[in-house]
Amino acid sequence: MGQKVRKRTALRNAEYYDQQELFDSLYSRSKNNEVFGHLMDIITSPENIKLAYRNIKRNDGSETAGTDGMTIAYFSNMGEKQFVDFIQRRFANYHPKAVRRVEIPKPNGKMRPLGIPCMTDRIIQQCVLQVLEPICEAKFYEHSYGFRPNRSAENAIAYLENRMFIGNLYYVVDVDIKGFFDNVNHKKLLRQLWTLGIRDTKLLQIIKAMLKAPIRLPDGTTVFPDKGTPQGGILSPLLANVVLNELDWWVASQWELFSDHMKKHYKPKFNTKGIRDLSYEYGVMRKTNLKEMHIVRYADDFKIICANRNDAERAMSAVTDWLRTRLKLEVSEEKSKVTNVKRHYSDFLGFKIKVRKKAGKWVDQVHMCDKAVTSAKKKIREAVRFIQDSGTGREQFRRIAAYNSLIIGLHNYYRIASCACLDFEKIGYDTGSTKKIRLRGLKREGQIHNSYIAQNYGSSKQMRWLNGEPVIPVAYVRYRRPNRKKQSINKYTPEGRQEIHKKLGVDTGVMVWMMRHPVARESVEFNDNRISLFAGQLGKCAITGEYLTRGDVICRRKVPKWDGGTSEYSNLILVTQAVDDMLNEKDAEFAWELSRRLKLDENKRKKANRLRVAAGLSPMIQGSRYSNNLTNVGASRG
């Protein structure tokens with residue numbers, strides 16, 4: 001049997017372009033407090049630019065145009081060298097184009113402004129992001145979870161619950177920053193980057209230009225910002241974390257980091273894995289006059305957890321003053337408050353969190369927040385109406401799939417709430433009448449062909465089918481306790497990556513050779529997909545199953561270019577030179593003889609014949625014209 005070509009879902013793009021070792025080095029050097037004065041050479045390198053293209057094209061927003069109307073498709077058809085030269089020229093004299101401002105509705109009925117840079121500027125921002133991220137990650141606080149690699153809202157919720165229940169801290173400080181993204185002070189941000197060790201003045205000038213890029217409003221007018229980082233920009237989340245990283249460490253210094261200054265009063269303890277026992281240290285510190293507080297942050301949304309109301313109110317006053325004086329950010333006094341979670345809920349990241357007494361101890365009581373419930377009901381009803389308006393057939397199938405994806409997404413995000421089952425039961429009840437009225441013909445029996453739906457929802461008696469397609473029940477959700485982030489997981493260390501990905505299992509040296517030897521006169525899209533395909537085929541020829549080697553890798557289109565074949569991943573295949581010769585051979589009998597020399601079995605010949613037919617050639621046939629001697633074969637052809 002021929003080997004089935006597989007595609008890995010978690011592809012390590014940086015390794016494809018031989019950048020991972022470099023990024024690891026930047027992270028390590030930043031950890032050692034080195035400074036970086038010549039980053040532009042790395043940022044404008046061909047490898048980094050091609051990696052930026054790869055990361056951009058995989059984003060959902062790659063088809064969204066900026067003010068110049070361009071999408072990623074404009075660059076996909078460029079030659080690889082032409083594309084790299086174009087981006088390098090833009091870096092040499094960088095002047096960003098106007099950012100397109102759009103507004104999207106928020107759950108509270110207000111509008112959230114988003115800035116959409118032009119595609120060229122997005123690629124340039126991605127180039128900068130790839131190099132800045134490992135440097136900044138080395139300096140970021142552990143319990144900042146928003147817009148960072150291998151961190152999530154779930155990790156933030158898990159840490160918040162841990163501090164409450166393990167540390168018995170039941171007073172939560174909410175500090176709401178007024179329009180954070182619109183009010184970031186540019187001068188302060190650039191100084192913070194300098195403090196983190198980013199001291200390439202050319203790079204800082206480019207970032208400054210990005211921050212001050214003109215904004216084209218929906219009414220056509222243009223404004224020139226003197227503060228803020230536009231939401232929607234690729235670099236904006238990283239810059240936002242740079243701004244608030246200083247706050248993280250300041251709060252940590254009030255308690256968590258103070259343990260380092262207490263070592264003279266006690267001998268630190270370590271567990272069996274060699275990790276410091278902080279619970280012991282905190283016990284010692286609680287006997288002092290120090291005020292215990294911990295911060296957990298997701299972007300500009302953060303909580304400070306304290307042991308009593310007096311400490312919490314003092315923390316809120318200190319943080320408010322610190323934000324105003326150090327970061328020039330104003331706080332909304334109406335939305336900022338101290339909450340005793342024994343009595344009231346505290347909202348965070350779409351959840352509302354409280355504790356209640358059970359069997360003599362305090363346990364968590366976590367629901368979807370009220371806004372999240374309202375938003376979920378609205379989206380479900382809209383999705384049901386969307387199915388109703390589709391008629392029948394393929395379009396209805398597509399819309400049912402979209403509905404199922406919505407329900408799965410809601411379940412996966414909110415299932416970590418301890419009361420998720422109650423919340424979704426109510427949501428299901430409230431939206432059930434809409435489903436019954438608008439989706440007439442729902443049946444109680446049917447088959448499930450999707451393995452994910454079968455595994456996670458197949459046992460539910462609430463499953464329904466519409467014209468043979470499964471419709472996932474809203475009320476059927478399984479609670480799962482939120483997971484804390486493992487400290488060993490790290491994108492920028494070899495050991496940390498082992499926690500994230502399995503090894504590709506391919507010769508990365510061949511991938512690097514392919515990257516450095518692009519196919520001449522082919523587009524950047526073709527050459528990028530060619531490298532992806534090497535990992536997708538596990539480094540083996542798609543026909544023979546033999547390992548591909550440097551200098552013997554042929555990337556061919558299944559449907560030829562002259563017949564409308566594209567450079568998309570699905571239309572490409574990697575083979576050896578000998579297999580390519582066989583697939584291109586016009587003489588069907590001689591092609592069969594070549595397949596015999598390649599020792600192809602019947603299944604591999606069938607696969608090769610499908611490729612020949614797709615290329616407009618006849619299938620291989622066995623004949624008597626050629627002997628077993630290849631030299632005689634060549635002579636007879638002559």
Side-chain angles (χ1 to χ4, degrees), residues 10 13-14 23 26-27 30 51-52 55-56 58-62 64 99 104 106 112-117 121-160 175-177 179-184 188-189 192-193 196 198 207 210-211 228-249 251-252 295-303 323 327 329 348-351 409 412-413 416 482-487 489-492 496 500:
N13 296 348
F23 296 158
L26 292 174
Y27 177 86
S30 182
L51 176 60
N55 286 324
I56 287 282
R58 303 182 73 86
N59 291 343
D60 293 336
S62 63
T64 303
V99 174
I104 60 173
K106 296 169 65 174
R112 183 191 306 279
L114 289 181
I116 302 176
D121 294 320
R122 272 180 266 178
I123 293 171
I124 286 175
Q125 287 192 30
Q126 182 66 35
C127 290
V128 174
L129 173 68
Q130 289 164 181
V131 174
L132 286 193
E133 187 178 78
I135 297 172
C136 295
E137 276 294 313
K139 300 294 179 63
F140 282 165
Y141 179 61
E142 177 65 23
H143 300 300
S144 158
Y145 295 96
F147 308 116
R148 293 181 61 188
N150 310 118
R151 294 165 188 265
S152 65
E154 176 181 343
N155 300 148
I157 294 294
Y159 178 70
L160 178 62
V175 179
D176 184 86
I177 302 174
F180 169 72
F181 286 93
D182 293 330
N183 290 290
V184 168
K188 175 65 177 178
L189 171 55
Q192 288 173 314
L193 289 170
L196 290 178
I198 300 161
I207 294 173
M210 291 175 180
L211 293 171
T229 60
Q231 295 184 69
I234 287 174
L235 199 57
S236 293
L238 178 70
L239 297 180
N241 277 328
V242 168
V243 172
L244 292 176
N245 184 55
E246 198 173 331
L247 170 68
D248 298 336
W249 286 109
V251 174
I295 187 171
V296 54
R297 182 172 65 81
Y298 192 96
D300 62 327
D301 194 357
F302 63 91
K303 304 277 187 187
L323 288 169
L327 300 185
L329 294 169
F348 189 48
L349 303 178
F351 299 88
N412 286 344
Y413 187 82
I416 62 174
N483 291 322
R484 289 189 63 180
K485 177 193 171 291
K486 291 179 66 175
Q487 291 192 15
I489 293 176
N490 192 322
K491 180 180 177 180
Y492 296 111
I500 307 167

Rounded at 0.5 Å granularity, tell me how far [atom1] in [X] sits from [atom2] in [Y].
X    : Y    : atom1 : atom2 : value
I207 : L132 : CD1   : CG    : 5.0 Å
L235 : M210 : CG    : CE    : 6.0 Å
K139 : L196 : NZ    : CG    : 6.0 Å
I295 : L244 : CD1   : CG    : 8.0 Å
I198 : S30  : CD1   : OG    : 7.5 Å

Report the residues that fulfil side-chain contact (heavy atoms from CB on, under 4.5 Å) with [X], sequence neighbours left out, ordered by chain and then residue number.
X    : result
P237 : F147
K188 : N185, R191, Q192, E246, R326, L327
D182 : P113

Provide the closest heavy-atom pair for [X] versus [Y] in the form atom of the first, atom of the second, distance.
X    : Y    : result
I123 : A52  : O-CB, 4.0 Å
P149 : K491 : CB-CD, 3.7 Å
P482 : I157 : CG-CG2, 4.3 Å

4.5 Å side-chain heavy-atom contact, [X] and [Y]:
X    : Y    : value
F23  : L51  : yes
V128 : Q125 : no
L239 : V243 : no
I116 : T64  : yes
C136 : N241 : no
L211 : V184 : no
D248 : F140 : no

Handout entry: By salt bridge (Lys or Arg N to Asp or Glu O under 4.0 Å) - contacts of D301 (at least two apart)
Key = none

Of all residues at least two apart in sequence or in a different chain, which pass the side chain to side chain donor-acceptor pair (under 3.5 Å) check with [X]?
X    : result
Y27  : N490
S152 : N155
S144 : R297
Y492 : E133

Any residue meeting ring pair (Phe, Tyr, Trp, His ring centres under 6.0 Å) with [X], in chain and number order, not counting sequence neighbours:
X    : result
F180 : none
F302 : none
Y141 : H143, W249

Practice task
Please determine if E142 and R148 form a salt bridge, counting it only when a charged side-chain N lies under 4.0 Å from a carboxylate O.
Solution key: no

